[in-house]
Colleague: 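Here you go, one structure.
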Amino acid sequence: PLTGPHKPVTPHPRFVGKTGLGLYGDFVMNVDDTVGQVLSALDETKLADNTLVMFTSDNGSFMYRIDDKDDHIKTPTKQQYHSKNHTANGPWRGTKADIWEGGHHVPFFARWPGKVKSSSECSRVITHTDLFATVAEVAGVQIPKNAAEDSYSYLTLLLGNEKEYARPPVIHHSSSGMFAIRDGDWKLILGNGSGGRQQPKGKPFAKPYILSNIKEDPAETKNLADAKVKIAARLESAFHKIH
């Protein structure tokens, strides 16, 4: 894996000043160029059609949104950004380490000429543990019994066959152990705060739990636990069954 664009901000000299967005912007361009070189090498060696390339991230950005004049563009060591310059986690709430989507919802790109349709999009829920089963299916390898029990192949999604795809709800947690369960557009946080860096941090398994519809409310601003009691109960039950 690449160390960039993680701190420290160290773009190669040939990228310094290229973006006009400070050293961090230059560092992101440096990463983009590196990925581009890999793709170009596959094209030049005529291996692209037989190669599935997947590009993603392990977590959301660590940076806070603080709308003052000094941010990471002006001072690269700052762990904060101004919304006019940058939206580190897009519409998602929170940051790395939080149970909010900003800590977990990351980009995922795939390129496989002739298999993955160019410029296509998919909004189904997958998670990084699914890489194991997906790669195994692509390679035509059987997973041994009692191995990769939390991994579910999404090869059908890559091939554009969403109707054939199914997986149980995804469970994730914050840096301090605040759990959440995600099933399609619905997400239930089994606690009453971020469970990470942002206030209120709350406590795991302390009420009120937080239910959100991520499609309708990506910023997780509305707690629907009281309005959608049956959905909240279903997700809580599913969590305890899986956990």
Colleague: So, the side chain of Thr127 versus the backbone of Val170: is there a donor-acceptor pair under 3.5 Å, distance only?
Modeller: no
Colleague: So, does Arg124 use its side chain to make a donor-acceptor pair with the main chain of Tyr165 at under 3.5 Å?
Modeller: yes
Colleague: Ignoring hydrogens and angles, tell me if any N or O in the side chain of Ser212 forms a donor-acceptor pair with the backbone of Glu220 under 3.5 Å.
Modeller: no
Colleague: Does the His104 side chain pair with the main chain of Ser174, one donor and one acceptor, at a distance under 3.5 Å?
Modeller: no
Colleague: Is it true that the NZ or CZ of Arg234 lies under 6.0 Å from the centre of Phe239's six-membered ring and within 45 degrees of the ring axis?
Modeller: no
Colleague: Please check if the side chain of Ser120 supplies one atom and the backbone of Lys117 the other of a donor-acceptor pair under 3.5 Å.
Modeller: yes
Colleague: So if you build clusters from Ile, Leu, Val, Met, Phe, Trp, Tyr with side-chain heavy-atom gaps below 4.5 Å, do Leu211 and Val229 land together?
Modeller: no
Colleague: Answer yes or no: does atom CG of Asp226 have more than 12 heavy-atom neighbours from other residues, nucleotides or ligands under 6.0 Å?
Modeller: no
Colleague: Run the side chain to side chain donor-acceptor pair (under 3.5 Å) test on Thr221 and Asp217 for me, step by step, so that the C-alpha distance in whole Å, both residues' side-chain angles and the decisive distance to 0.1 Å come before the verdict.
Modeller: CA-CA 7 Å; Thr221 60; Asp217 181 26; 2.9 Å; yes
Colleague: Between Asp183 and Arg167, is a salt bridge (charged side-chain N to carboxylate O under 4.0 Å, His left out) present by the stated rule, with each step listed?
Modeller: CA-CA 9 Å; Asp183 187 17; Arg167 76 163 336 280; over 6 Å; no
Colleague: If you measure from the Lys or Arg side-chain nitrogens to the Asp or Glu carboxylate oxygens, is any gap between Glu101 and Lys187 under 4.0 Å?
Modeller: yes
Colleague: Would you confirm whether the ring centroid of Tyr154 sits within less than 6.0 angstrom of the ring centroid of Phe108?
Modeller: yes
Colleague: Kindly check if the number of other-residue, nucleotide or ligand heavy atoms within 6.0 Å of CG (Asp150) is above 12?
Modeller: no
Colleague: Any Lys/Arg nitrogen of Arg14 or Asp33 sitting under 4.0 Å from an Asp/Glu carboxylate oxygen of the other?
Modeller: yes
Colleague: Apply side chain to side chain donor-acceptor pair (under 3.5 Å) to residues Thr156 and Glu164 and explain how you reach the verdict.
Modeller: CA-CA 6 Å; Thr156 57; Glu164 299 178 17; 5.6 Å; no
Colleague: Test your reading of the model: is there a side-chain donor-acceptor pair from Asp185 to the backbone of Lys215, 3.5 Å cut-off?
Modeller: no
Colleague: How long is the span from the OG1 atom in Thr10 to the CG atom in Asp26, to the nearest 0.5 Å?
Modeller: 11.5 Å
Colleague: Are Ile126 and Val106 joined in one hydrophobic group, where the rule is that I, L, V, M, F, W and Y side chains link up if heavy atoms are under 4.5 Å apart?
Modeller: no
Colleague: Taking atom CD of Gln142 as the centre, report whether more than 12 heavy atoms of other residues, nucleotides or ligands fall under 6.0 Å from it.
Modeller: no
Colleague: For His173 and Phe179, work out which heavy atoms get closest and say how close.
Modeller: CB-CD2, 3.9 Å
